[in-house]
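Input: a single structure, listed below in structure tokens.
In each ligand, atom 1 is the first atom listed, and ligand 1 is the first ligand listed. Just so it is clear, the model here is predicted, and its values are computed rather than measured.
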Amino acid sequence: MTALPLDISPAVQTALDTGAPVVALESTIITHGMPWPQNLETARAIETTIRENGAEPATIAVLDGRLCIGMDAGQLDALAQAKQVAKLSRADMAVCMARGGTGATTVAATMIAARLAGISVFATGGIGGVHRGADQSFDISADLQELSQTPVTVVAAGAKAILDLPKTLEVLETLGVPVMAYGQDMLPTFWSRGATLKAPLRVDTPLDIAKAHQMRRALSLPGGQLVANPIPRDAEIPQSEMRPIITRATKDADTHGISGKALTPYLLQRIYELTDGRSLDANIALVLNNAVLGAQSAQEIASLR
Ligand code: PSU
Ligand code: MN
């Protein structure tokens, strides 16, 4: 049997051993989602926010072939500055590790790692979904499938408005993934609080989230649940303002023949340019907001056990 090259940091291990709340964090947002140095500043701020809210952060990445759950300051710094880091999803995680490679984990890969370590909650910015033009490109993120089979509660600001959101909701419904808006009826759309699509479900407290998580376990349902937490009001970029920018960025991607794994990072970078950096400020605000709700939900799950 091949032993799993797994490094759980001492702080995360202690929290897991004592049943204390832990929140998993992805690393693709650091390597592919935000520019240097805001990526490192944000990664650190997310960890601090989670600690301030009573949980232990566990940032996850593959470093030199080892699956790291909880990273020290040096590791985080190196990852944030690294260039050409692989973006790992379910399909490529094992190959990267077998070769001794380094890679950042997407939502799908982070969920796989969180489940392995016994972590119930994962906070991030946005999940992948059905891309616009998917009827031609077939580009549907592996994140959706992962949500249907790996029992982790994912707190995100909805699905990014660069996606085809109605199709994303349809696929999640087909896969049996609960999509619950937090504290409102409408589906948040990442940079905006959301006004056009109704969310399938609604929850209003971290305890509601925890109870639903535990009930899925009791039912022996394999998948996770998606909590769509709206961006704070003062950080929102209204949908009307984002719409033409997203259309433009999508066109530019098409013109340059960008597809596959490169598409989401390209669109985020292009939207950053087209908004003069405002999309990044919004992104940072919503991730920190998700870190708070993730920590609160992890606490409630821990106290229900
Ligand atoms: N949300 C962000 N920035 C990101 C991502 C999400 O604000 O970089 C990443 C996540 O890691 C997510 C991935 O899992 O994009 C989806 O990529 P794809 O569409 O190629 O599946
Ligand atoms: Mn894709």
Below 3.5 Å, N or O to N or O, backbone or side chain included: is there any such pair between [X] and ligand 1?
X      : value
Lys87  : yes
Val107 : yes
Asp143 : yes
Leu268 : no
Lys160 : yes

Looking only at N, O or S atoms, which one in Asp139 sits nearest to the Mn ion (ligand 2)? OD1
Check whether any side-chain N or O of Gln239 sits under 3.5 Å from a backbone N or O of Ser192 as a donor-acceptor pair, and report yes or no. no
Charged N-O contact under 4.0 Å between Arg44 and Asp77: yes
With a 4.0 Å cut-off on N to O distance, would you call Arg202 and Asp185 a salt bridge? yes
Just which atoms of ligand 1 are under 4.0 Å from any heavy atom in [X]?
X      : result
Glu26  : 10 (C), 11 (O)
Phe190 : 7 (O)
Ser141 : 18 (P), 21 (O)
His131 : 19 (O)

Taking atom types as modelled, is there a side-chain donor on [X] or [Y] under 3.5 Å from an acceptor on the other?
X      : Y      : answer
Glu26  : Thr105 : no
Gln296 : Glu300 : no
Ser120 : Arg305 : yes
Gln38  : Thr42  : no

Given that the side chain starts at C-beta and the backbone is N, CA, C, O, which of these parts of Thr264 lies under 4.0 Å from ligand 1, counting heavy atoms, or is it both or neither? side chain
Using a 4.0 Å heavy-atom threshold (strictly under), name the region of Thr110 that reaches ligand 1: side chain, backbone, both or neither. neither
Can you pull out the closest protein heavy atom to atom 9 (C) of ligand 1? Residue, atom name and distance to 0.1 Å, please. Thr28 CG2, 4.0 Å
Shortest protein heavy-atom distance from atom 8 (O) of ligand 1, along with the residue and atom involved: Gly33 CA, 3.4 Å
Take a 6.0 Å sphere around CD of Gln81 and say whether it holds more than 12 heavy atoms from other residues, nucleotides or ligands. yes
Lys261, NZ atom: more than 12 neighbouring heavy atoms under 6.0 Å: yes
With the threshold set at under 4.0 angstrom, would you say Met34 reaches ligand 1 through any of its heavy atoms? no
Approximate separation, where rounding is to 0.5 Å, of Leu88 CG and Met97 CE: 9.5 Å
